[in-house]
Structures are given as C-alpha cells and as structure tokens.
Protein chains: 2
Amino acid sequence: MIRRLPQSRDRGIPEATVARLPLYLRALTGMAERGVATVSSEDLALAAGVNSAKLRKDLSHLGSYGTRGVGYDVEYLIYQISRELGLTQDWAVAIVGIGNLGRALANYGGFVSRGFRVAALFDANPEVVGDHIAGLNVEHIDELEAVIERRGVSIVVIATPAAAAQQICDRVIAVGVTSILNFAPTVLSVPEGVDVRKVDLSIELQILAFHEQRKGDRESGGPVMAEGLQQGASA
Amino acid sequence: MIRRLPQSRDRGIPEATVARLPLYLRALTGMAERGVATVSSEDLALAAGVNSAKLRKDLSHLGSYGTRGVGYDVEYLIYQISRELGLTQDWAVAIVGIGNLGRALANYGGFVSRGFRVAALFDANPEVVGDHIAGLNVEHIDELEAVIERRGVSIVVIATPAAAAQQICDRVIAVGVTSILNFAPTVLSVPEGVDVRKVDLSIELQILAFHEQRKGDRESGGPVMAEGLQQGASA
DNA sequence: ATCCCTTTGTGAACGTATGCACAAAGTGAG
DNA sequence: CTCACTTTGTGCATACGTTCACAAAGGGAT
C-alpha cells in the first residue's frame, strides 16, 4: 500500500503547507518577473488562490520572513521557499514509459525551470528505443538500473501501462530510488521510507463528474441534454 | 481565486470520501474481471491502498451495502459507487490545447472506460487544426462556444499554455460549463458554482523533492553526486 | 518623539478526517 | 436452536487543517 509520506513533522512543516509552497513560489516568480519588490500576504494570497490567513500561517512555518506593516520581500521569499523545497539543488529525473504521456512529460518545460532535469528516458518497445526526445536518447528498459545509478537519478516518473508499473517500481527501489511519481492507474506497494505520489487523470474527472451530477440534480436535466444546454448555475 | 468545491455535504458525502471512491471502483473492477464475487473490507482496502476502517466508513456514507459476516457484493458495489459518482451517465469532455499533453489526454484510454467520452478537441494553431487524433478532428479555437453547445460538452480539460488558460476558462463558463480540469500552471479565477480541479506536474515533483531533501539531510550526501554534472542552483 | 496606519504572526475556536475498538448482525456447523 | 465465528457499521477519541480576530511590530508623517 502507498505509505503516508513520512517526515511531515521533521522540522514542523505540515504536509498541507508543503503542498501549497510550490503555488506561492509560482505566484512570487511571476511577480519578480514583473518587477514587484515586496508583496503583502493579502496580494500574494490572491495570486495563489488561497486566503491570506492560511498563507501567513504557512509562511510562518518557514520562519519570520515578513516585515510588519510592509509585507514580504519577493526575492528573499522566493529564495527561502526554494531552499525549503530543495529546489536550490539539481534533481535528476528519469521517465519510464515513453508513450504519449511520457513524451509530453519529457517535453514539459515546467520541470527544467524549477531545478529538475530530465536525465533519462526508458521504454520497453524496441521501436521507441533510440528515439531522440527532448535532446535525450530513449534507453531500453534493460538498462534501467545501470543508467539510473550512472546518472544519479533520484526521482523516477512512471508513465507505463498499469501492468508494468509495480515491476518498474520494485526495480528502481532496488537501486536506491526513494521518490516516485506514478501516472499509472494502479496502487504501488512500496517499503517504508519510499515516497509515492500519484497523479490520476481519470480520478480527477470522476470527482468532477460527481459534483457536476449534484448540480444537475437540483436543476433541470442531467448532463446529456446536448443542444438545449442551459447555462447552469455560475452564481 | 479557485473556489472550494461546493456541495461537499449535499447528501452528506465528505469530499475526502468522494476522492477515494474512484480508487475503490478501480480495485473492484479488477476483482470483477478476475471473477471475484464478494470481498471483505479488509481485502478491498488492501487492494485500494487504504485501511479497512476508513474504507468501511467511506462506504457507509453511500448506504449499507455490505453484509455482516460476509462482505460486499462486488458487482453491486461497483454499481452503487458508479451511480454515486455519476458514471452511469455519459459525459462529453472537450480538450482545449492539443500540444503534447493534450494529445496524450485525447488518447488516454482511462476515460472512455469510465463514462467519459472525448467529444471535441481545440487548438489555436492552424497547423494543428484539422489533424485527426483519436478519431476526432481538431477544431479551431474560434469554434469553441459553438461546438461545446452543439455537442453537449459539460466538462472541459484545459491543456493550453498558462497564458491562454484564463481566457479559455472564461469563454467556456460563458456558455454554461461548470466543471473544469486544469493542467495549465496557473490559478484560474471562476465564479461561484464552477468547479475547477487542478493537476500540476511540476508541483508534484516539488513535493517529492521536499521529502527527498529531508531524507538526504539525515544520510550521506545530497541528490547531486551523480557523475559530477550538476550545474548548481537554478533559483 | 509621538501617533496613526498597515501588516505580520499566532492563540484560540471550529470543523473535518482518521483510526481504534466494539456492539450489532449475519453465516454456518452440529 | 444454539453457539462460535466472521465481518460490517459506527461512537468516540485524537489528530490535522482552516479561519477568525487581535496583539505586537514596524513605517512614516508631523
């Protein structure tokens, strides 16, 4: 079973806060680019889509980096959050499974800009092995262990079919990987000390469908009325 | 700012429970395929990666569908969860932004199998418009409103660059869409009554990096020992 | 130097989620 | 029918997360 992420209280930063720090970081980066020097919790919260009390409490877990009456220094806060998240280091990421999704991930720009470097791509299909994607050669899955160790990969992204995921997971854990991002629609079982995060596209849609159905219940028809769509409750 | 999903207590099903129902559904589907007729909360919990008390409490929110001393009837539970999630209906989904990710989503098999039907694809790039992907023509973004209404799309997936996301969001809301799955790395602001779910690949990696860093703190070296190829902090 | 204004950081109240532990409810053997 | 066994459904204690509301702290004007 997927373990709870450990160390949530290593130095007292709650898991919920950690999950929001990247959000703040993104908002701050945008502000820095627009030349904003300081920002209040109110404004930053607005930009990040949370309320200001939550933002302040979150930041207070990192330390006292604000100035009362003024706000937070944008550059300084970017540095502090980056450091806390470990983004001042360079993380080598491997992507396993170069299907549509794997390809999309390999080309995704959001990684590089945040301390992540796609360092290796793997696939089992001989037709794909050898392809050049995002400046990298696709390696055969047989090379998995050797290449991971050689290139110091510490985070592995699994984008294989569900049936292959557990096996890949076991293999990378065997060579010391302890952080896995899983896109395969399956539950990975991992030993204590290994972190798995799961992204499941169909689950997100199902949650939306649940709420969408509830809206429909109170109004006219269900979702399948096509043409005569009412414009629904946006208020 | 992104609104809290409403209706979390519509009929008393907590949001945390709703988020796990798709997990149970997947585990159950696998069991049904393997011919399993009934399952205990213990076994189902194991397959879904949660503990059994939580599973039972979750299911109890839907009703009393188990039999004490026996367990749950797999087929019946599949039906009940599907109904609760609204998957017994047919949901028309549109994908906006046919880049690498949009393409991957259009081809993703996990949708169709669960009541979702990709009904339209949109892109702004004339070179992409007209392409045939997953049996669909890519439409020009100018057709967004017309096609959404014509085909009864009720859920929109945004896979555009961040800069375009808010505009697309506003436009689909204007024609009555109230459920949006956002892959663009930006905060969407929507009116009350519209549900936005966000999937952000780089945020997941950042959370992993945080925990990975914590592990490293207590052990030997940091992540970047590799072949000596780190180029230092990107922040 | 004093006063007023702004904004942070946080104590306290509230709400939600988790997990234990057990009574209630069912099965099946004898 | 009774008894022993299994497994659900849930009350309760605890942990976690959110929000309010305000004292403490700093800035700047006079």
Side-chain angles (χ1 to χ4, degrees), chain A residues 1-21 23-24 28 31 36-74 76-77 80-81 84 207, chain B residues 1-21 23-24 28 31 36-74 76-77 80-81 84 207:
Chain A
M1 97 186 238
I2 293 185
R3 302 241 140 260
R4 260 249 305 253
L5 291 176
Q7 287 130 336
S8 30
R9 300 198 59 84
D10 247 2
R11 207 165 108 224
I13 302 187
E15 193 57 34
T17 295
V18 172
R20 282 187 295 263
L21 290 179
L23 232 59
Y24 305 152
L28 286 164
M31 288 174 176
V36 178
T38 62
V39 65
S40 69
S41 63
E42 198 68 49
D43 290 352
L44 180 53
L46 191 73
V50 302
N51 81 40
S52 64
K54 197 189 290 190
L55 175 87
R56 287 198 300 276
K57 186 148 283 187
D58 283 343
L59 294 185
S60 77
H61 286 113
L62 310 190
S64 249
Y65 297 141
T67 307
R68 296 175 192 225
V70 177
Y72 301 89
D73 181 280
V74 173
Y76 186 55
L77 197 50
Q80 290 298 344
I81 295 179
E84 198 64 56
I207 296 171
Chain B
M1 95 187 241
I2 293 185
R3 301 246 137 252
R4 262 251 303 254
L5 291 176
Q7 288 131 335
S8 31
R9 303 198 56 85
D10 246 1
R11 206 164 107 221
I13 302 188
E15 194 56 34
T17 294
V18 172
R20 281 187 295 264
L21 291 180
L23 230 58
Y24 306 152
L28 286 163
M31 289 173 176
V36 179
T38 63
V39 66
S40 69
S41 63
E42 198 67 49
D43 290 352
L44 180 52
L46 190 72
V50 302
N51 81 40
S52 63
K54 197 189 291 188
L55 175 86
R56 287 197 299 277
K57 187 154 285 187
D58 283 344
L59 293 184
S60 78
H61 285 112
L62 309 191
S64 248
Y65 297 141
T67 308
R68 297 177 191 220
V70 177
Y72 300 89
D73 182 281
V74 173
Y76 185 54
L77 197 50
Q80 291 298 345
I81 295 179
E84 198 64 53
I207 296 171

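This is a predicted model, so every value here is computed, not measured. Residue numbering restarts at 1 for every chain, and letters A, B, ... go by the order of the sequence lines.
You'll find the side chain of B/Y24 stays beyond 4.5 Å of the side chain of B/L77, heavy atoms only. Under the 4.5 Å side-chain criterion, counting only non-hydrogen atoms from C-beta, B/R20 is not in contact with B/L55. A heavy-atom distance below 4.5 Å is found between the side chains of A/T17 and A/P14.
Going from atom CD of A/E42 over to atom C1' of C/dG9 covers 15 Å, rounded to whole Å. Atom CG in B/L55 sits about 12 Å away from atom P in C/dT18, given to the nearest Å. As rounded to whole Å, 14 Å separates atom P of D/dT7 from atom CG of B/L46. Rounded to whole Å, the distance from CG on A/L59 to C1' on C/dG9 is 10 Å. Remark: P of C/dC14 and CG of A/N51 are 18 Å apart, rounded to the nearest angstrom. Note: CG (B/D73) to P (D/dT8) measures 13 Å, nearest angstrom. Between the P atom of D/dT10 and the NE2 atom of B/H61 lies a distance of 9 Å, rounded to the nearest Å. When the P atom of D/dG9 is taken as reference, atom CG of B/L62 falls 10 Å away, rounded to whole Å.
Within the nucleic acid shown, A/T17 has no heavy atom closer than 4.0 Å to any nucleic acid atom.
The listed nucleotides are D/dA24, C/dT18, C/dA17; the one nearest the side chain of B/K57 is C/dT18.
Taking the six-membered ring for Trp, B/Y65 and B/Y72 have ring centres at least 6.0 Å apart.
In this model, the phosphate group of C/dT7 is not approached by any side-chain N or O of A/S40 to a distance below 4.0 Å at OP1 or OP2. Contact annotation: B/Y72 reaches the phosphate of D/dG9 (side-chain N/O to OP1 or OP2, under 4.0 Å). Residue B/K54 has a polar side-chain atom (N or O) positioned under 4.0 Å from OP1 or OP2 of C/dG19. Residue A/T67 has no polar side-chain atom (N or O) positioned under 4.0 Å from OP1 or OP2 of D/dG26. Regarding contacts with the backbone of D/dT18, every side-chain N or O of A/R56 stays at 4.0 angstrom or more from both OP1 and OP2. For C/dT7, neither phosphate oxygen OP1 nor OP2 lies less than 4.0 angstrom from any side-chain nitrogen or oxygen of A/S41.
Comparing A/D58 and A/G69, the nucleotide of DNA chain D nearest to each residue sits closer to the 5' end for A/D58. The residue among B/A53 and B/A16 whose nearest nucleotide of DNA chain C is located toward the 5' end is B/A16.
Side chain of B/T67 to backbone of B/V70: no donor-acceptor contact under 3.5 angstrom is found.
In the interface, the side chain of A/R68 is not paired with the base of C/dT7 through any donor and acceptor atom under 3.5 Å apart.
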